**Q** 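Can you keep this structure in mind? I'll have questions shortly.
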Amino acid sequence: MATSTSHELTFRDAIQKSLYEEMDKNADVFLIGEDIGRYEGTFKVTKGFFPKYGHRRVVDAPITEAGFAGIATGAAMAGLRPVVEFMTMSFSILALDQIINHSAKVHYMTNGEVKCPIVFRGPGGAAKQLSAQHSHSMEGWYAHVPGLKVICPATPADAYGLLKTAIADDNPVIFYENPGLYGVKGLVPDDPNYMVPLGKAQILREGKDISLIGYSRMTQVNLAAAELLAKDGIDAEVVDVRSLLPLDTETIYASVRKTHRAVVVYEDWRSGGFGAEIVSRIQEDCFDSLDAPVGRVGGLNVPMPYARVLELECIPDENDVVAMVRKLDF
Amino acid sequence: MANKVEENSLLTTAELEQYYREMLFIRHFEEKCNVAYRQGKAGGYMHVYIGMEALAVAFINSIRKGHDYVITAYRDHAHALMLGTDPVAVMAEIMGRSAGTAGGKGGSMHIYDPKNGFYGGWGIVGGHIPLGAGLAFAAKYRGEDRVTLNFMGDGASNQGVVFETLNMSGLWDLPCLYIVENNEFAMGTRLEYHAADMELWKRGQAFGIRSERIDGMDIIELKKNAQEAIDYVRNEGKPMWLEIMTYRFAGHGAADNDRQLYRTKEEEQKNFERDPVKRLATYLIENKIATVEKLDAIDADTHEQVERIYELADASPFPNKDEVYHNIYSDMTPEVGH
C-alpha cells in the first residue's frame, strides 16, 4: 500500500534512489556505461553503486557507445534488464544504429517473439558551457522512432517514479535527464513501489487563460513564466508532457480546449524539434477551440556556443515564454 | 564397431549421412528460394547460402540446440533450418506470409526462432555482433553454460562495432564464438579490396582472444574443429575468433545478376570444385560408406521435401492489413492512420 510520507530530494538523488531500489528488487537489473562504477559517474548519479553491487552489476564499459549499447541490447534480448548510462545523450549519437536499428526493431521484427527490456538514460540538453558537441537535445530524434518509448521528467518525484516504471517496462525506453534539473529539489514519496505510468501528461499548475506546454527542464521554465504572467493578471496553465512517446494528447487537448491558447516550449533546436510535433497536433485536432495561433518557443537553431552569455541566448527562458504569450494577442 | 574411416574422422556413418542430407536440404531449399524470388513470390533482399552449407551444418550440430544461442546476419535461412525451425515457417516468412517465423514482418533477412535459440536474422552488416556478445554476457551474468555462436561475413569484420565488441569480449571473457564466414566477397568487393590484411583470423589476437583460420569446405575436418572451438568457449568461458574459408557460389543477393562485374567464370569454376556437398559425396563413395544409389536417394528425398515445404508455404495466407500495428511494442498499439 502506498504510504503518504515523502522526503525532499534532488532530481539526482531521486534517480539514484530509484536505481538502488530496482537493483535490490530484481537481480536481472544491471548498470552499464562509461565511468559509472569506480569513478561514480560524471554527474555522480551512480555514486556508491560500485562498492555495493560490484563489477558484475555495475559495469564500467570502455568508451565504445555503439558496442556497449549493443551488448546491453543483446543481454536484454536474453531477458536481463540493463540500464545503460550515456555520459551525455550527445554520445548516444555513436550508438544510434544500435538503438534505432536494433533495440527499437527487435520486438516488431520478431513479431513479439523477443522482448527488449532496456533503459537508455543520461543527461541530455545543455549543462553549463559544454559547447557544441556535448549539449544536444536528443529526445526528439528518439521520439521519432516507433518501437522506442521516450520519457522526459521535470520533477524529482517523476524522475523517481517514471524510472521505476521504465525499468519494469518490456520495451526499450529512452530516459532523458536534463542536467539543469539534477540539483532541483522536490518531494519524493517514501514508497519503494511508487510508480508513475508512462504516457501520461500532468497539469502542474491550473489556469484558465493559456496553456504552457513543455517537458523536462522547460516545464520548470514554464512554471517560472506562469508566475511572471500571474503578476500581469494572466492565468497560465502548465502542462508537463512527461512522455513524448507515447504522447498523452488527451491531457494536452483538454487543457487547450479549456484555455483556447497554447505555447509549446522546448530546448531542442526550434526547427524540427519535438515541440513542432505537439504544435502540429494541436492545430490539427483543436483548431476550433483556438483563439490564436499556437505559439512555439524553441532553442535557437545554432550549434551550442561556449561563452555563457551566448549559451544562455540559445536556451529558452521564462522571459522568452512570456514574450511569446504577449505576442499571442494578450 | 566403427570402421577405420570412422575412427579417423570420429564421425559415425549415421552422422556423415546426416550431414550430407542436411547440406543437400539447405542447398535445395536455397535453390527453391531463388525460384520463389524469380516468380515474384519472394521480394526485397534475399541472400542464399549455396556453397557455404558445411558451416551451418558443422557448427550448429556441435552445440546444444535450444540451449545455446545463435545469431547471424541476413544470410540466415540455413542457421534457422539447422536449429530445427519449422522449414515451412521459414519459407512462409521469405514469401511474406502470416505463417512465417515473424508473421511476414521480417522476410528473408530477419528469420527468428528464440525457442530454438535463434536470435536472427539481422540486416546491418556487423550491427548484430554486439547483440551476440550481449547474449553471451547474459549467459555469463546468470552463471549458465550457454555458448553463443556469432556468425558474420568477411565484410562485417571491418565494422568498427565489431572491434568494439571484440575488445569487451576479451576484457570480460564473454563465452562467445565469433565465426567469420569468409566467402571472399563483401557484396561485390573482393577481400583484397576491402581488408588491409587478408588474414582476417588475426583480428581477434589484438584483444587477447584465441584466433584461428580453418577450412570450411571439408565438413569432416570442419566438424572436428567446430566442436573443439565450441568446447573451448564453453569449458574455458572465453571468447574465440574463427575465420572459416569458404566461397559464395551464388551472387551476393537475389538481385545480384552480374557476378562477372567482380569475378570471372574461370574463378568460379575453380571454386565450385571445392563444393562441400560434392566433396562429402566423393568421400562417402570412395570409402564405401555409402553407395551412389543411396546418395541419389537422399538427393531426391530432400528435393521432394523442399517441394512440399514450398507448396505448404505458398498455400498460406498473407497477413491481414491490421497486423501492421501489432507488436511494435509488447504492451501498446500506437495511434493509427496516416
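Treat the numbers as computed from the prediction; the structure is a model and nothing was measured. So you know, we letter chains A, B, ... as the sequences are listed, proteins then strands, and number each from 1.
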**Q** Less than 4.5 Å to any heavy atom of chain B: does that hold for the side chain of A/Ile63, its backbone, both, or neither?
**A** neither

**Q** To the nearest 0.5 Å, what is the distance between NE2 (B/His110) and OG1 (A/Thr110)?
**A** 11.5 Å

**Q** Passes side chain to side chain contact (heavy atoms under 4.5 Å, CB included), A/Lys149 versus B/Met332? Steps please.
**A** CA-CA 11 Å; A/Lys149 297 184 181 182; B/Met332 64 178 222; 3.9 Å; yes

**Q** Show your reasoning for whether side chain to side chain contact (heavy atoms under 4.5 Å, CB included) applies to A/Phe68 and B/Glu164.
**A** CA-CA 8 Å; A/Phe68 69 73; B/Glu164 295 183 16; over 6 Å; no

**Q** Search all heavy atoms of A/Ala75 against all heavy atoms of B/Phe137 and return the closest pair with its distance.
**A** CB-CD2, 4.1 Å

**Q** Is it true that atom NZ of B/Lys65 has more than 12 heavy atoms of other residues, nucleotides or ligands lying nearer than 6.0 Å?
**A** yes

**Q** Provide the closest heavy-atom pair for A/Val59 versus B/Trp172 in the form atom of the first, atom of the second, distance.
**A** CG1-CZ2, 3.4 Å

**Q** Heavy-atom distance under 4.5 Å to chain A: side chain of B/Phe163, backbone, both or neither?
**A** neither

**Q** Would you mind telling me which of B/Ala102, B/Gly100, B/Ala138 has the largest number of heavy-atom pairs within less than 4.5 Å of chain A?
**A** B/Ala102

**Q** By a 4.5 Å heavy-atom criterion (distance strictly below it), what part of A/Ala76 contacts chain B: side chain, backbone, both, or neither?
**A** neither

**Q** Apply side chain to side chain contact (heavy atoms under 4.5 Å, CB included) to the pair B/Asn327 and A/Glu113, showing each step before the final yes or no.
**A** CA-CA 9 Å; B/Asn327 287 317; A/Glu113 290 283 319; over 6 Å; no

**Q** With a 4.5 Å heavy-atom cut-off (strictly below), which parts of residues 90-98 of chain A touch chain B? List them by number.
**A** A/Asp97, A/Gln98

**Q** Please classify the contact between B/Glu93 and chain A as side chain, backbone, both or neither, with a heavy-atom cut-off of under 4.5 Å.
**A** neither

**Q** Taking all non-hydrogen atoms of both residues into account, name the closest pair between A/Ile71 and B/Ala133 and its distance.
**A** CG1-CB, 3.8 Å

**Q** Flag yes if more than 12 heavy atoms outside B/Glu323 fall under 6.0 Å of its CD atom; otherwise flag no.
**A** yes

**Q** Between B/Pro114 and chain A, with a heavy-atom cut-off of 4.5 Å, which part of the residue counts as in contact: side chain, backbone, both or neither?
**A** side chain

**Q** Look at atom CD of A/Glu250 and say whether more than 12 heavy atoms of other residues, nucleotides or ligands are closer to it than 6.0 Å.
**A** no

**Q** Measure the CD1-NZ distance between B/Ile328 and A/Lys105 for me, rounded to the nearest 0.5 Å.
**A** 10.5 Å

**Q** Assess whether atom CE of A/Met195 is packed by more than 12 heavy atoms of other residues, nucleotides or ligands within 6.0 Å.
**A** yes

**Q** State, to 0.1 Å, how close A/Asn171 and B/Ser330 come at their nearest heavy-atom pair, and which atoms those are.
**A** OD1-N, 2.9 Å

**Q** I'd like to know whether NE2 of B/His194 has more than 12 heavy-atom contacts from other residues, nucleotides or ligands below 6.0 angstrom.
**A** yes

**Q** Out of A/Ala104, A/Ala69, A/Gly79, which one racks up the most heavy-atom pairs below 4.5 Å with chain B?
**A** A/Gly79

**Q** Where do B/Trp122 and A/Asn101 come nearest, in terms of heavy atoms and distance?
**A** CZ3-O, 4.3 Å

**Q** Which atoms of A/Asp169 come close to chain B, meaning under 4.5 Å heavy atom to heavy atom: side chain ones, backbone ones, both, or neither?
**A** side chain

**Q** Shorter than 4.5 Å, heavy atoms on both sides: which option in A/His55, A/Arg57, A/Met77 has the most such pairs with chain B?
**A** A/Met77

**Q** Rounded at 0.5 Å granularity, tell me how far CG in B/Leu171 sits from CG in A/Asp60.
**A** 10.0 Å

**Q** Measure across B/Arg142 and A/Asp28 and return the closest heavy-atom pair with its distance rounded to 0.1 Å.
**A** NH2-OD2, 3.3 Å

**Q** Closer than 3.5 angstrom, by distance alone: can the side chain of B/Tyr329 be matched with the main-chain N or O of A/Tyr108 as a donor-acceptor pair?
**A** no

**Q** If I measure from the heavy atoms of chain A, does B/Lys115 come under 4.5 Å with its side chain, its backbone, both, or neither?
**A** side chain

**Q** Using a 4.5 angstrom heavy-atom cutoff, name the option from B/Val161, B/Ile111, B/Leu174 with the most pairs to chain A.
**A** B/Val161

**Q** If I measure from the heavy atoms of chain B, does A/Leu198 come under 4.5 Å with its side chain, its backbone, both, or neither?
**A** neither

